[in-house]
2 protein chains.
Amino acid sequence: MADDDLVFKALADPSRRFLLDLLFARDGRTLTELESELAMTRFGVAKHLKVLEEAGLVVTRRSGREKLHFLNPVPIRQIHDRWIDKYTERHVTALLDLKNALEEEP
Amino acid sequence: MADDDLVFKALADPSRRFLLDLLFARDGRTLTELESELAMTRFGVAKHLKVLEEAGLVVTRRSGREKLHFLNPVPIRQIHDRWIDKYTERHVTALLDLKNALEEEP
DNA sequence: AAGTTATGAGACCAATAGGTCACATGTCAA
DNA sequence: TTGACATGTGACCTATTGGTCTCATAACTT
């Protein structure tokens, strides 16, 4: 399977995106720790983490019998750069900054 | 279906990503024009464009019997901002700029 | 060494998605 | 107004995917 296909397929599932959210909030967690946050069996979570790892969205490091999971932002940035050039980026960020400002302070 | 789910599901298919690539290169094309670039029937392409439009990745404008398609970068930027904070963004862009420079000039 | 803890591999089933086709509507041009 | 052009709808089949379970390996603790 193509490299980018693995990334987009991995992002297509809400449980996997939630796992990325958890790792974005705090890195270096184990499977058991992440499992406790999902309404799913350990096997399901392990399967999702494997998909994320094979896509390069999550990188891991073993520490004894534990496996620590870290978020890798590179593939996300590459998605961005594929369809947003430097010129458009200025407009879009300005637009979204304005939107966020309006939503926070009505 | 949740808003972000529509976006990620839409991006999960390679044909739809190719359609976004085509629109990124040149906006405002019709279904018939896009169809000629894909090895697929018109119905397949129309279905994909509908998915992209419902996700907000493509916006359309009617002109007589034709329907013109445009790329909308906002959802893409929102994916970026979900998992890359301002601090990390500096590191990742620097890294990818370096990578691109090395690949272009060996 | 023995028990407990952390993770891994593969079979299996139900639900979903990609692609094609038959059929249909609306628009332009002569 | 008649024919060609551009797009839309819903049924249908097949392949893929999410989730659970059984079985199994490896590492820490006492």
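Within every chain, numbering begins at 1; the chains are lettered A, B, ... in the order of the sequence lines, protein sequences first and strands thereafter. Just so we're clear, the structure is a prediction, and the values are computed from it rather than from any experiment.
- Distance B/R29 CZ to D/dA6 P: 16 Å, rounded to the nearest Å.
- A/R16 places a side-chain N or O within donor-acceptor distance of the main-chain N or O of A/K9, the cut-off being under 3.5 Å.
- Considering only heavy atoms from C-beta on, B/D85 comes within 4.5 Å of A/F24 through its side chain.
- Scanning both residues, B/L57 and B/L71, for their nearest heavy atoms gives O-CD1, 3.6 Å.
- Rounding to whole angstrom units, CG of residue B/L31 and C1' of C/dT25 are separated by 15 Å.
- Between B/T32 and A/R42, the residue anchored closer to the 5' end of DNA chain D is B/T32, taking for each the nucleotide with the nearest heavy atom.
- Note on A/I79: it does not cluster hydrophobically with A/L96, by side-chain heavy-atom contacts below 4.5 Å among ILVMFWY residues.
- A heavy atom lying under 4.0 Å from DNA chain C marks none of the residues of residues 2-25 of chain A.
- At whole-Å resolution of the value, NE2 in B/H69 and C1' in D/dG8 are 12 Å apart.
- Taking every heavy atom of both residues into account, B/V7 and B/A55 meet most closely at CG2-O, 3.4 Å.
- With respect to B/E89 and B/R77, a salt bridge is recorded, a charged nitrogen being found less than 4.0 Å from a carboxylate O.
- Counting heavy atoms from C-beta outward, A/L31 and A/K67 have side chains that stay 4.5 Å or more apart.
- In this structure, NZ of B/K67 is placed 17 Å from C1' of D/dC5, rounded to the nearest angstrom.
- What you find for A/W83 and B/R17 is that their closest heavy atoms are CZ2-O, 3.8 Å.
- In this structure, the side chain of B/S63 does not engage the main chain of B/E66 through any donor-acceptor pair within 3.5 Å.
- Of the residues in residues 43-62 of chain A, those lying under 4.0 Å from DNA chain C by heavy-atom distance are A/F43, A/K47, A/R62.
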Pairs under 3.5 angstrom, nitrogen or oxygen only, protein versus nucleotides 26-30 of chain D, please.
none

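- Residue B/T41 places at least one side-chain N or O under 4.0 Å from the OP1 or OP2 atom of C/dT20.
- A/E53 and A/T60 are linked by a side-chain donor-acceptor pair at a separation below 3.5 angstrom, with hydrogens and angles left out of the test.
- Side-chain atoms of B/R29 come within 3.5 Å of backbone N or O of B/L22 as a donor-acceptor pair.
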